[in-house]
K.L.:
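My questions all concern the structure below.
The figures that follow rest on heavy atoms only: side chains count, while hydrogens, waters and symmetry mates do not.
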Amino acid sequence: MVKDLTMAYGDSVVVRDLNFSVKEREIFIIMGGSGSGKSTLLRHLIGLQEPARGTIFYQGASSGLWEMATPERERLLRRFGVLYQGGALWSSMTLGENVALPMQEYAIAGAEEISALASLKLGLVGLAGFEDYYPAEISGGMTKRAGLARAMALEPDILFFDEPSAGLDPITSRRLDDLILDLRDSLGATIVVVTHELASIFAIGDNSVLLDGQSKAMIASGNPKRLLAESKDPRVLAFLTRGGTSRA
């Protein structure tokens, strides 16, 4: 739950007074145009940036993310998996080594078991048999899927995706959307996605917030399809009808 959150860089406010909740096992979309604060909000949610004001609560935690003691916050952050833009894979490591890295860092098992778990995660995203490939040897869509496998390495309760469809062609993007839906259903994870891509927003979104850079505020929240059908706000409709989308 996000309560009265204001994000800022120094005296420059990005978005003020955010209030919303994310339910378990839903795909929650953070949407908005360029410069609206989407990625900044993600950085706040995963503990990389402290709010100017307000609190972020996670179920099972004793206090807000930035109010808890450092050891408790570190334990909480281990429940998160993050897919960054571009996949953010280490170019000098194979896909198997990239996925194994978080497991090695926390020493969750022996070397052979970690290697087997890395192969399992790659298999879940359709990359079985690609353990020994390097990032430069695979396509952009495969890179995103490998990044997703690494995000799942520690069996997270919540997955965060930052513009997962960016730079992908429509067919590859749709396949990634289908994969996200499959993973939500099979793993039971909660998924938070930052995106401005309408096709993905309508294909996978259960709930959402729409950030507006001009007003520096959240101007809508709810299921994206319902917002398209019912909203009277011209700013919301302008965002959700880009490229010819209609209420029909």
K.L.:
So, the side chain of S36 versus the backbone of G33: is there a donor-acceptor pair under 3.5 Å, distance only?
P.N.:
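Indeed, once roles are kept as given, a pair shorter than 3.5 Å links the two residues.
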K.L.:
Any side-chain heavy atom of I171 within less than 4.5 Å of one from R174?
P.N.:
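Result no, sub-4.5 Å side-chain heavy-atom pair not found.
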K.L.:
Would you check if the distance from the ring center of F20 to the ring center of F28 is below 6.0 Å?
P.N.:
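Yes, close enough.
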K.L.:
Can you tell me how far CD of E197 sits from CD1 of I29, rounded to the nearest 0.5 angstrom?
P.N.:
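Going from the CD1 atom of I29 to the CD atom of E197 covers 11.5 Å.
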K.L.:
With a cut-off of 6.0 Å (strictly less than), are more than 12 heavy atoms of other residues, nucleotides or ligands near CZ of R235?
P.N.:
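Yes - once you tally the heavy atoms of other residues, nucleotides and ligands closer than 6.0 Å, there are more than 12.
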K.L.:
Does a side chain donor of either S92 or Y134 reach within less than 3.5 Å of an acceptor in the other side chain?
P.N.:
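No, Y134 and S92 have no side-chain donor paired with an acceptor closer than 3.5 Å.
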K.L.:
Kindly indicate, with the supporting measurements, whether the criterion side chain to side chain contact (heavy atoms under 4.5 Å, CB included) is fulfilled by L228 and T241.
P.N.:
CA-CA 8 Å; L228 176 62; T241 57; 3.8 Å; yes
K.L.:
Would you confirm whether D4, through its side chain, and D17, through its main-chain N or O, come within 3.5 Å as a donor-acceptor pair?
P.N.:
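Flag not set: sc D4 to bb D17 has no pair under 3.5 Å.
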K.L.:
Could you check whether any side-chain N or O of K38 sits under 3.5 Å from a backbone N or O of G32, counting only pairs where one atom can act as donor and the other as acceptor?
P.N.:
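Flag set: sc K38 to bb G32 pair under 3.5 Å.
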K.L.:
Looking only at heavy atoms, which two atoms of I201 and P224 are closest? And how far apart?
P.N.:
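Taking every non-hydrogen atom into account, CG2-CB, 3.5 Å.
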K.L.:
Are T55 and E67 side-chain neighbours, meaning at least one heavy-atom pair lies under 4.5 Å?
P.N.:
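Yes, their side chains come closer than 4.5 Å.
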K.L.:
Are I204 and V193 packed together at the side-chain level, in the sense that at least one heavy-atom pair is separated by less than 4.5 angstrom?
P.N.:
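I204 reaches V193 side chain to side chain.
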K.L.:
Same cluster or not: W66 versus V2, using hydrophobic residues (I, L, V, M, F, W, Y) connected whenever any side-chain heavy atoms lie under 4.5 Å apart?
P.N.:
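Yes, W66 connects to V2 through the hydrophobic network.
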K.L.:
Hey, is the main chain of L227 close enough, under 3.5 Å, to the side chain of E230 for a donor-acceptor pair?
P.N.:
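Looks like no, no N/O pair under 3.5 Å.
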K.L.:
Does one side chain, of T195 or S200, offer a donor that lies under 3.5 Å from an acceptor on the other?
P.N.:
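Note: T195 and S200 side chains miss the donor-acceptor criterion.
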K.L.:
Under a single-linkage definition using a 4.5 Å side-chain heavy-atom cutoff for Ile, Leu, Val, Met, Phe, Trp and Tyr, are V15 and V194 assigned to the same hydrophobic cluster?
P.N.:
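Yes, it is one cluster - the side chains of V15 and V194 are joined through contacts under 4.5 Å.
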K.L.:
Are E50 and H44 close enough that a side-chain donor and a side-chain acceptor fall under 3.5 Å?
P.N.:
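Result is no, nothing qualifies.
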K.L.:
With heavy-atom distances below 4.5 Å as the criterion, would you say the side chains of M1 and S21 are in contact?
P.N.:
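When only atoms from C-beta onward are counted, S21 and M1 do touch, with a gap below 4.5 Å.
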K.L.:
Are K216 and D212 within salt-bridge range, i.e. N to O under 4.0 Å?
P.N.:
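Not counted as a salt bridge, because no side-chain N and carboxylate O are separated by less than 4.0 Å.
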K.L.:
With a 4.5 Å heavy-atom cut-off, do V22 and T190 have their side chains touching?
P.N.:
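The answer is yes, as the side chains (C-beta and beyond) meet within the 4.5 Å cut-off.
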K.L.:
Can you name the nearest heavy-atom pair linking N98 to P102, along with the distance?
P.N.:
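Result for this residue pair: O-CD, 3.5 Å.
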K.L.:
Give a yes or no answer on whether the side chain of S208 reaches the backbone of G222 with a donor-acceptor pair at less than 3.5 Å.
P.N.:
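Flag set: sc S208 to bb G222 pair under 3.5 Å.
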K.L.:
Donor-acceptor pair, R184 side chain versus A189 backbone, under 3.5 Å?
P.N.:
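No, R184 side chain to A189 backbone: no donor-acceptor pair under 3.5 Å.
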K.L.:
Does atom CH2 (W90) have a neighbourhood of more than 12 heavy atoms from anything else shown, all under 6.0 Å?
P.N.:
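At most 12 heavy atoms, drawn from other residues, nucleotides or ligands, come within 6.0 Å of this atom.
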K.L.:
Using a strict threshold of under 4.0 Å (side-chain N to carboxylate O), is an ion pair present between K121 and E155?
P.N.:
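The answer is yes: the pair qualifies as a salt bridge.
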K.L.:
Taking the side chain from R150 and the backbone from A88, do they hold a donor-acceptor pair closer than 3.5 Å?
P.N.:
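Yes, the answer is positive, given that a donor and an acceptor are paired below the 3.5 Å cut-off.
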K.L.:
Linking I/L/V/M/F/W/Y whenever any side-chain heavy atoms sit under 4.5 Å apart, do M7 and Y9 land together?
P.N.:
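Shared cluster, yes.
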K.L.:
Just how far is it from atom CD1 of I56 to atom OG of S63, taken to the nearest 0.5 Å?
P.N.:
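Between atom CD1 of I56 and atom OG of S63 there are 12.0 Å.
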K.L.:
Tell me, please, whether F80 has R78 positioned over its six-membered ring: NZ or CZ under 6.0 Å from the ring centre and within 45 degrees of its axis?
P.N.:
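Output no; distance or angle outside limits.
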K.L.:
Is there a side-chain contact between L65 and F57, using heavy atoms and a 4.5 Å cut-off?
P.N.:
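Side-chain contact under 4.5 Å: no.
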K.L.:
Taking NZ, NE, NH1 and NH2 as the nitrogens, is one of them in R25 or D206 under 4.0 Å from a carboxylate oxygen of the other?
P.N.:
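So R25 does not pair with D206 through a salt bridge.
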K.L.:
Step by step, work out the side chain to side chain contact (heavy atoms under 4.5 Å, CB included) result for V99 and L122.
P.N.:
CA-CA 8 Å; V99 176; L122 287 168; 3.9 Å; yes
K.L.:
Is the side chain of S119 donor-acceptor paired with the backbone N or O of S115 at a distance under 3.5 Å, no angle test?
P.N.:
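Flag set: sc S119 to bb S115 pair under 3.5 Å.
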K.L.:
Counting neighbours of CZ on R175 that are heavy atoms of other residues, nucleotides or ligands and sit closer than 6.0 Å, is the number greater than 12?
P.N.:
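No - once you tally the heavy atoms of other residues, nucleotides and ligands closer than 6.0 Å, there are 12 at most.
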K.L.:
Distance check, rounded to the nearest 0.5 Å: M142 atom CE versus L176 atom CG?
P.N.:
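Going from the CE atom of M142 to the CG atom of L176 covers 13.0 Å.
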K.L.:
Locate the shortest heavy-atom distance separating T143 from P135; write the atom from each residue and the value.
P.N.:
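Residues T143 and P135, closest heavy atoms: OG1-O, 4.1 Å.
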K.L.:
Which heavy atom of P164 sits nearest a heavy atom of L168, and at what distance?
P.N.:
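The answer is O-CD1, 3.6 Å.
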K.L.:
Within the distance-only criterion (no hydrogens, no angle test), does the side chain of Y58 pair as donor or acceptor with the backbone N or O of L45 below 3.5 angstrom?
P.N.:
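Side chain of Y58 to backbone of L45, a donor-acceptor pair under 3.5 Å: yes, one is there.
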K.L.:
Taking all non-hydrogen atoms of both residues into account, name the closest pair between L124 and L179 and its distance.
P.N.:
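Closest heavy-atom pair between L124 and L179: O-CD1, 3.8 Å.
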K.L.:
For F239, is there any backbone N or O sitting under 3.5 Å from a side-chain donor or acceptor partner on R242?
P.N.:
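Checked: pair present.
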K.L.:
For the CG atom of L77 and the CD1 atom of I46, what is their distance to the nearest 0.5 Å?
P.N.:
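Reported value, rounded in 0.5 Å steps: 8.5 Å.
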K.L.:
Going only through I, L, V, M, F, W and Y residues with side-chain contacts under 4.5 Å, is there a path from V125 to L154?
P.N.:
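V125 clusters together with L154.
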K.L.:
Go through the steps to decide whether L41 and L5 satisfy the test side chain to side chain contact (heavy atoms under 4.5 Å, CB included), and finish with yes or no.
P.N.:
CA-CA 9 Å; L41 177 54; L5 183 70; 3.8 Å; yes
K.L.:
For M31 and L211, what are the C-alpha separation, side-chain angles and deciding distance, and is it a side chain to side chain contact (heavy atoms under 4.5 Å, CB included)?
P.N.:
CA-CA 6 Å; M31 57 186 181; L211 305 183; over 6 Å; no
K.L.:
Under a 4.5 Å cut-off applied to non-hydrogen side-chain atoms, are S165 and D177 in contact?
P.N.:
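When only atoms from C-beta onward are counted, D177 and S165 do touch, with a gap below 4.5 Å.
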K.L.:
What is the distance from atom CZ of R53 to atom OG1 of T6, rounded to the nearest 0.5 Å?
P.N.:
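The CZ atom of R53 sits 4.0 Å away from the OG1 atom of T6.
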K.L.:
Spell out, yes or no, whether F160 and M152 are grouped together once hydrophobic residues are joined by side-chain heavy atoms under 4.5 Å, including indirect joins.
P.N.:
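Shared cluster, no.
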K.L.:
Nearest 0.5 angstrom please: R145 CZ to L83 CG, how far?
P.N.:
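R145 CZ to L83 CG: 12.5 Å, rounded to 0.5 Å.
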K.L.:
Quick one: does L18's side chain get under 4.5 Å of V209's, heavy atoms only?
P.N.:
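Counting from C-beta outward, L18 and V209 never come under 4.5 Å.
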K.L.:
Give the minimum heavy-atom separation between A8 and A52, together with the two atoms involved.
P.N.:
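Heavy-atom minimum between the residues: CB-CB, 4.0 Å.
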